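Below is one structure, written out as structure tokens; comments come after it.
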There are 2 protein chains.
Amino acid sequence: MAITIKDIAGKAGVSISTVSLVLNQKGYVAPVTKKKIQTVIDDLSYRPLHSARKLATKQTGNFGFIVWEGHFSEVEMFYSQVFLGMEYAARKNDYYILLTTVRDKFDPKEDLPRFLRYKDVDGVALAGRVPEPLIRYLDHQQIPFVLVDYEIPGENYNCIKIDNYNGAFRAVENLILSGRKHIAFVGGTFFHPSIKERHRGYREALEKHGLNNNHGDNYSYCENVETSRSIGEKGALHLLEKYPEIDAIFSCNDTTAMGVISGIQRLKKKIPEDIAVFGFDDIPTAEFSTPKLSTIHVPKLEIGKEAYKLLYELIQHPKMAPQTRIISVDTLIRESSSNS
Amino acid sequence: MAITIKDIAGKAGVSISTVSLVLNQKGYVAPVTKKKIQTVIDDLSYRPLHSARKLATKQTGNFGFIVWEGHFSEVEMFYSQVFLGMEYAARKNDYYILLTTVRDKFDPKEDLPRFLRYKDVDGVALAGRVPEPLIRYLDHQQIPFVLVDYEIPGENYNCIKIDNYNGAFRAVENLILSGRKHIAFVGGTFFHPSIKERHRGYREALEKHGLNNNHGDNYSYCENVETSRSIGEKGALHLLEKYPEIDAIFSCNDTTAMGVISGIQRLKKKIPEDIAVFGFDDIPTAEFSTPKLSTIHVPKLEIGKEAYKLLYELIQHPKMAPQTRIISVDTLIRESSSNS
DNA sequence: TTGTTTTATCGAAACGTTTTAATATATTAT
DNA sequence: ATAATATATTAAAACGTTTCGATAAAACAA
């Protein structure tokens, strides 16, 4: 059958303990012995059996990745890219990332992902908005976890955040500097702290440049539901009818921006000549819309990598204080906001 | 510490063997004993430790999901949905799906996914086009695998296929029945058997209705690279310039169709009035393009589920003969091909 | 009745690792 | 020279399951 540590020990003329030591780079083992063992390992291309190792060490070698069902299935490739970033990073340590989705309605007794029921993960990444009972559960069970692109106000959890404020600020400032005077905001739910931050960036950019009209709130269209294309379309229609002077719309994310573009086009206005559009996220479709969407580039793979790294550090140093890491973003000027 | 099978045995006043028997529903155990044990299990909400179980059974409880890097990162949410379908199905048996990506250039010695290096999976699903050496490797190592939306001509492997031929046939026939006379085809690489089949469906629909012009090859634009938006755009531009009489374009998939739409719009032609467009796949963006794209709906989640089921059967009955399962598709008429 | 099969339970081995503690040798400090 | 420490190796226990074979009682067949 498959090659075991015994075979290695036998061929190398040492005990299995010694083989284990070189495998895990622990304790003292003479350089010459180490080399001999390593040779045998390479020759037989031996790999330790994970389940045996896990049984002995009580580690699982897995991290969970939990995302709201609607988010993973969405048009946008956002969280799937974050997931991919984690997978890339996990390769270094031979960790596996187990993805699962959760519903809005969530009862820890009923809906617990199976890798939590079976304690099959050393830690969990929660991507985007996720049921709060789930977070409480993890906290209570002392399972290491990281919130990715989310946070609970007032709670000091481990977070990977996007620099939403500065991204929004720069986007809006860019619109201002290219001559736009009446800049609107279209967004979805403020349940999501990221959206809230983007709105703050929007308002403060306006204020800095003296374009503050009631803190921009006149020009803000928000619905308290999940962001989507249709909100963007409705928002654009609504705002442009009410305030014909609007010459730019900053959308809380690219998906919404796509809807905004549709809405503007439906009104037979030209982008960017009549109205400039700016998004946030840089989802793949943004590059291919007509016109191509100006947006804030968010490095999704890197977010995933950072989430993995934090999680990994967390299990190495269990006493580590919760920390927040902020991923910076880039401004991406494309057709939808180019200078006219 | 955590609850083990010993605790259950102790509390129930039986041996651990008996507990194991009820856990796995094997052998003979008296109904009354079974009930007693089950009660204790439920009371303590005991879950067997996977790594211990795996060590004993030599099963891993994992399936691998391998997809070409470019495919998972792509604009479209196709294979990520297939993956999600597998994940859903896997919940029933508490299996885990380990996703990883591979590159075009693939050497089994170097680039083997870690779950194969470590033999951490009981089987593998290969989604879309995947390096042939990888397939050979799995075959040679006798690792159960399923090709999803792919096949190797002449080889009898386990496959989940989309009904590409009939889908394409129906799409084109639909265009014909709505009055189109000059129907073109835009596609990418024929390396992918699915594309080849879709082209066959296109040609045979033309023939059936006597629209055969040199088997439709005059009106076919194909480039031997991966399908993409830009191919669609180039194809549309090329074909419409050369054959101004063209009044409909069937694209090998939705991504390409998006490019086709851009191309047509760039030429200031109207969709569907001047030219109808039909896609294939029903990716989420198809619903939101302007105009909304008519397409062939492919049930991606179901494909994933079917792949899982086949894989699961495969490890239960290792001697099972390779089989092909075909997932049927639906016609979806939207704006881009509606009757004018 | 006796012998066979079915039902029920359990002890013990096995799965392939890691880790602890023991032992032995070599090196360094006093 | 001796004690202390650092280096090197190992035997054996432990991790939590499944499964094989043994044992025994109960049911059935002759």
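Keep in mind it's a predicted model, so treat the numbers as computed, not measured. Chain naming here is simple, since letters A, B, ... match the order of the sequence lines and numbering starts at 1 in each.
What separates NZ of Lys54(A) from P of dT19(C) is a distance of 15 Å, to the nearest Å. For Lys35(A) and dA8(D), the NZ to C1' distance is 18 Å, given to the nearest whole Å. Rounded to an integer number of Å, the gap from Gln59(B) CD to dG16(C) P is 15 Å. When the P atom of dG16(C) is taken as reference, atom NE2 of His50(B) falls 19 Å away, rounded to whole Å. The nearest whole Å value for the distance from the CD1 atom in Ile5(B) to the C1' atom in dT19(D) is 12 Å. Regarding Asp120(B), its CG atom lies at a distance of 14 Å from the P atom of dG16(C), rounded to whole Å.
Residue Lys26(A) is in sugar-phosphate contact alone, with no base atom involved, counting any heavy-atom pair closer than 4.0 Å across all strands shown.
Applying the side chain to side chain contact (heavy atoms under 4.5 Å, CB included) criterion to Asp94(B), with sequence neighbours excluded, gives Arg114(A), Arg117(A), Tyr118(A). Considering only residues two or more places apart in sequence or on other chains, Gln38(B) meets the side chain to side chain contact (heavy atoms under 4.5 Å, CB included) condition with Val22(B), Ile41(B), Asp42(B).
A ring-ring contact (aromatic ring centres under 6.0 Å, His included) with Phe83(A) holds for exactly one of Phe78(A), Phe63(A), Phe65(A); it is Phe65(A).
Under the 30°/60° scheme for interplanar angles, the aromatic rings of His71(A) and Trp68(A) are found to stand perpendicular.
By the 4.0 Å N-to-carboxylate-O rule, Lys309(B) lies close enough to Glu306(B) to be salt-bridged with it. Under the 4.0 Å criterion applied to side-chain N and carboxylate O atoms, Glu110(B) and Arg103(B) are not assigned as salt-bridge partners.
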key: Per-nucleotide protein contact string for nucleotides 6-15 of chain C, where B marks a base within reach and S marks sugar-phosphate only (heavy atoms under 4.0 Å, - for neither)   = -BBBBBB--B
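In this structure, Tyr46(B) reaches the dT17(D) phosphate: one of its side-chain N or O atoms is under 4.0 Å from OP1 or OP2.
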